[in-house]
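The structure appears right after this line, and notes come after that.
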Amino acid sequence: MNISDNRKLNTFSLAVLLVSGHYGLGFLLGTAEKALTLGAAGSLYAVSVGLGTIAVLVLAKFYWNKVEQIWTLLGNRYGSQVKILVGLISWSSLIGIEAVQIIAGAFILKVLGVPVLPSMVGLTILLMTISLLPVEKASWVFQALLGFNILALLYGLWVLHGLPYYLRSPLEFIPSLEQVSPWNLIGISVSTILLVLIDMKQQQFMVQAKDLGSLYKGCFLGGFLLVLLALLPSAVVVAAQAAGILPNGIDGKETIPFILSWIGGGPHQPLGIFLIISLVVPALGVGSNILRIQTKTILDFDILPASKNNRLLVTAVNALLGLGIALKGGSIVNLIVSFYAVYVASVFLPFIVYLLAEKGLYKFGESSVRVSLIMSGVSALAVLILTLSLPNVVLFGSVELSIMAIGIGFGVLGLLGRHAMEKNLPTSEVGEEI
């Protein structure tokens, strides 16, 4: 089927899909967790997602015309090995997003009195089970429940007399960023915005815009709505603090579930329980879908036959990796952005090289891009593993900035070094060294 047959999205439909692709529990609970101590500045990550969705306008026409995803475009130009490498990096970056769903689900259930560790193990098993079932078409249920929670938060804002906090938040946001260190400010915002620019999750919607006008207006509207939504969880948390309803010592990850249960009359009342469960269900939906994508990515490499047993084995390994990261704990936002940074550090430079070649400005050879991708990917993953193992080891004042700086730095060295060899050595000799 020709892609033009699927290009039916108008401005509003595209904007809604772009919002639904980013508005999830990481966005919601991660913002609230930060807002407990930073107020409006807790919305930094979520606002960056919105700004990135607006910034993607610079690449919107390119994506719309090319249609294919980045790993396919890079693979077609620089070889199948590059496509596989980008696929592996994409797979590894999804481990962190999966871990966030496990963490979020466990802390939501904690409000109901369920211990965190058993919750994480139980949720991991449940995610594995759901991912092996043909439930892709149920995604609208998960999105509808998150939409329902937006309405619940707006109602909570009203009940807590927090509307003034929300209306003031756009004015207070930039001054409140003084509480965030410059390195963390740069690390979180830059890695998130760059990730959105090369995020295939939203590219799949952009190529379905019915025309360029709908594409541009849909991206702008989607980004604008995300910025508005980004300020909502932090305003609700600030209003709850002002109203004195949050218990002392509450974990930031619990604030939204606790506030929703309070709106429903408490965690032991039917409405309170329903509001909490309506948060858990989307976590199961997103987490199981990520597991499904990870498993498909690995099996698509044809390393293992695509049998039921191998699918179960790959799913189990992916789930255990996500559980392992979840058990490490830490801030939801920092965990998300750290894994984002690995993908950005690895893929952004080869993508820029591809764009330069497309514009006819400069061309690098296949081996140069391949070496660059290997060096950036390995070094970025090494920094991520190091910082997860030793949280106090931060080279540039920010984990995200450290991952990007080292990953892109090694990528540049690999690209230019290999390119110099290609220019100065006979082609056969360069080929033999790969």
So do Ile256 and Phe107 actually touch side chain to side chain, heavy atoms under 4.5 Å? no
Answer yes or no: is there a side-chain heavy-atom contact under 4.5 Å between Ile263 and Ile259? yes
Smallest separation among heavy atoms of Ala46 and Ala230, with atom names: CB-CB, 3.3 Å
Side chains of Arg7 and Val67 in contact at under 4.5 Å (non-hydrogen atoms): yes
Is there a side chain to side chain donor-acceptor pair (under 3.5 Å) between Ser234 and Ser43 once you walk through the steps? CA-CA 6 Å; Ser234 56; Ser43 295; 2.8 Å; yes
Using the side chain to side chain contact (heavy atoms under 4.5 Å, CB included) rule, take Leu416 and Phe364 through it: C-alpha gap first, then chi angles, then the decisive distance, then the call. CA-CA 9 Å; Leu416 298 181; Phe364 289 88; 4.2 Å; yes
Which residue is it: Leu335, Val337, Ile336? I am looking for the one with a side-chain contact (heavy atoms from CB on, under 4.5 Å) to Val333. Val337
Can you confirm whether Val190 sits close enough to Leu401 that some side-chain heavy atom of one is under 4.5 Å from a side-chain heavy atom of the other? no
Using a 4.5 Å cut-off on heavy atoms from C-beta on, say whether the side chain of Tyr354 contacts that of Ile70. no
Taking every heavy atom of Met404 against every heavy atom of Ala345, the minimum-distance pair comes out as CA-CB, 3.9 Å
Roughly how far, to the nearest 0.5 Å, is CD of Glu33 from CG of Leu38? 10.0 Å
Ile298 side chain reached by Gln294 side chain, heavy atoms, under 4.5 Å: no
Check the angle between the aromatic planes of Phe220 and Phe224 and answer parallel, tilted or perpendicular using the 30° and 60° thresholds. parallel
Measuring from atom CD1 of Ile103 to atom CD1 of Ile108, what distance do you get when rounded to the nearest 0.5 angstrom? 11.5 Å
Does any part of the side chain of Phe62, heavy atoms only, come nearer than 4.5 Å to the side chain of Leu73, both counted from C-beta? yes
Which residue, Lys363, Arg418, Glu422, forms the side chain to side chain donor-acceptor pair (under 3.5 Å) with Ser368? Glu422
Could you tell me the separation between the CG atom of Leu14 and the NZ atom of Lys8, rounded to the nearest 0.5 Å? 15.5 Å
Heavy-atom closest contact (Ser131 atom, Arg311 atom, distance): O-NH2, 3.5 Å
Could you check if a side-chain atom of Leu44 sits within less than 4.5 angstrom of a side-chain atom of Leu185, using non-hydrogen atoms only? yes
Atom CD1 of Ile276 and atom CG of Asn149: how far apart are they, to the nearest 0.5 Å? 10.5 Å
Nearest-0.5 Å distance, CD1 of residue Ile95 to CG of residue Leu291: 10.0 Å
What are the two closest non-hydrogen atoms of Tyr45 and Phe27, and how far apart are they? CE2-CA, 4.1 Å
Which atom pair, heavy atoms only, marks the closest approach of Thr255 to Ala32? OG1-CB, 3.4 Å
Atom CG in Leu313, atom CG in Leu299: separation rounded to 0.5 Å? 9.5 Å
Polar contact flag, side-chain donor to acceptor under 3.5 angstrom, Ser214-Asp211: yes
Nearest heavy-atom pair of Trp64 and Met206: which atoms, and what distance? CD1-O, 3.3 Å
